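What follows is a single structure, written as structure tokens, with notes after it.
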Amino acid sequence: MTTASHVLDRVLVLEMVRVTEAAAIAASALVGRGDEKAADAAAVQAMREAFNGLYMDGTVVIGEGERDEAPMLYIGEKVGSAPGKGPKIDIALDPLEGTTITAKAGPNALAVLAIAEKGGLLNAPDVYMEKIAIGPGYPEGTIDLTKSATGNIEALAKAKGVKPAEIIACVLDRPRHEKLIAELRGIGCGIMLIPDGDVAGVIATSNPDTTIDIYMGQGGAPEGVLAAAALRCVGGQFQGRLVFRNDDERARAHKWGIEDLDKIYQLHDLAKGDCIFAATGVTDGSLLEGVKRMRGRMTTESVVMRASSGTVRWVKGEHRL
């Protein structure tokens with residue numbers, strides 16, 4: 001069990017839900033409107049205002065991009081009402097995970113964040129990360145990024161006591177995954193292809209109701225840290241390795257303190273110590289229901305987790321318009 005942090009007060013657990021609720025509600029007004037940028041901007045603004053109402057000295061370590069590329073919630077931005085006075089907290093966030101999903105009214109759009117004590121979250125550059133993840137209950141070392149997809153599916157099937165053909169993998173539906181998909185289907189493995197939202201895809205491995213056994217493939221490195229923070233709270237295994245397409249991306253990694261560009265990151269490398277993860281659904285998905293707008297009121301569904309206690313809380317909210 002992770003030792004409880006004195007910095008992450010219990011009050012912050014529910015406060016983080018209020019922050020993701022604010023972002024989700026703001027983005028929900030633009031579901032299906034076909035404007036990704038407007039939906040993202042609304043979520044960013046709402047999340048920033050909610051953070052700035054909290055007594056803390058927060059630093060965004062994973063955000064909407066670097067300062068010159070993002071007008072708000074950029075990497076390094078300070079948030080909270082007590083700079084230099086309140087508890088020092090590192091923040092990883094994605095005010096709207098699934099901008100395209102939201103614009104098209106698709107499933108699994110979320111407002112997500114994770115917080116930890118200063119230095120508790122990897123300051124991951126905005127590059128791709130090769131990821132593999134499974135839920136709790138398996139022997140440590142069941143998955144290994146140095147193995148082939150077939151090798152990992154066979155190892156997981158053995159640990160679960162089933163045949164490889166009974167395993168279901170979650171993979172982002174991208175051209176870069178054509179070989180991975182072909183290999184998985186070649187051994188009879190079931191595949192759930194998702195259009196976006198790999199944070200939800202990773203977390204789904206921890207929930208038997210989703211029937212997803214393993215997450216595989218390349219997605220954003222910042223999203224990898226957010227997903228790792230969630231798995232730290234509920235249990236599971238995760239490995240990630242940064243993927244660089246050019247020298248500019250390698251230089252960006254060095255800028256943010258990444259020296260070993262070939263390192264395979266374990267769960268505790270990405271999110272260590274006590275941490276809190278929170279998410280609110282924007283659109284309906286496998287993890288959470290989306291925001292529902294009715295006459296005079298709205299409803300939200302959120303989940304908040306804490307690593308030190310292993311507690312997972314599902315929060316239904318009703319908000320008057």
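Since we're looking at a predicted model, the values are computed, not measured. Just so you know, residue 1 is the first one in the sequence shown, and it goes up from there.
- Scored by the salt bridge (charged side-chain N to carboxylate O under 4.0 Å, His left out) test, R295 finds no partners at all (sequence neighbours excluded).
- Under a 4.5 Å side-chain heavy-atom criterion applied to ILVMFWY residues, the cluster that includes L184 comprises I132, I134, Y138, I143, L145, I153, L156, V162, I167, V171, L180, I181, I187, I191, L193, I214, M216, I264 as well.
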Please tabulate, for the side chains in residues 89-107, all donor-acceptor contacts under 3.5 angstrom to protein atoms that are two or more places apart in sequence or on a different chain.
{"from": "D90", "atom 1": "OD2", "to": "G119", "atom 2": "N", "distance (Å)": "2.7"}
{"from": "D94", "atom 1": "OD1", "to": "L96", "atom 2": "N", "distance (Å)": "3.4"}
{"from": "E97", "atom 1": "OE2", "to": "D198", "atom 2": "N", "distance (Å)": "3.0"}
{"from": "E97", "atom 1": "OE2", "to": "V199", "atom 2": "N", "distance (Å)": "3.1"}
{"from": "T100", "atom 1": "OG1", "to": "E36", "atom 2": "OE1", "distance (Å)": "3.4"}
{"from": "T100", "atom 1": "OG1", "to": "E36", "atom 2": "OE2", "distance (Å)": "3.0"}
{"from": "T102", "atom 1": "OG1", "to": "G98", "atom 2": "O", "distance (Å)": "2.9"}

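- With sequence neighbours left out, K88 forms a salt bridge (charged side-chain N to carboxylate O under 4.0 Å, His left out) with D57.
- Within the structure, salt bridge (Lys or Arg N to Asp or Glu O under 4.0 Å) pairs that include any residue of residues 210-225 comprise K160-D213 (at least two apart or interchain).
- The side-chain contact (heavy atoms from CB on, under 4.5 Å) test applied to A133 returns V202, Y215, L231, F238, not counting sequence neighbours.
- The stretch residues 272-284 participates, sequence neighbours left out, in these side-chain hydrogen bond (donor to acceptor under 3.5 Å, both in side chains) pairs: T20-T280, D274-R306, D274-S308, T280-S302, D284-K292.
- Partners of R176 by salt bridge (charged side-chain N to carboxylate O under 4.0 Å, His left out), not counting sequence neighbours: none found.
- When the side-chain contact (heavy atoms from CB on, under 4.5 Å) test is applied to P222, the partners found at least two apart in sequence or on another chain are I62, D126.
- With sequence neighbours excluded, no residue satisfies side-chain contact (heavy atoms from CB on, under 4.5 Å) with A165.
- Residue pairs satisfying the salt bridge (Lys or Arg N to Asp or Glu O under 4.0 Å) criterion with at least one member in residues 146-156, sequence neighbours excluded, are absent.
- Annotation: salt bridge (charged side-chain N to carboxylate O under 4.0 Å, His left out) contacts of E318 (sequence neighbours excluded): R297.
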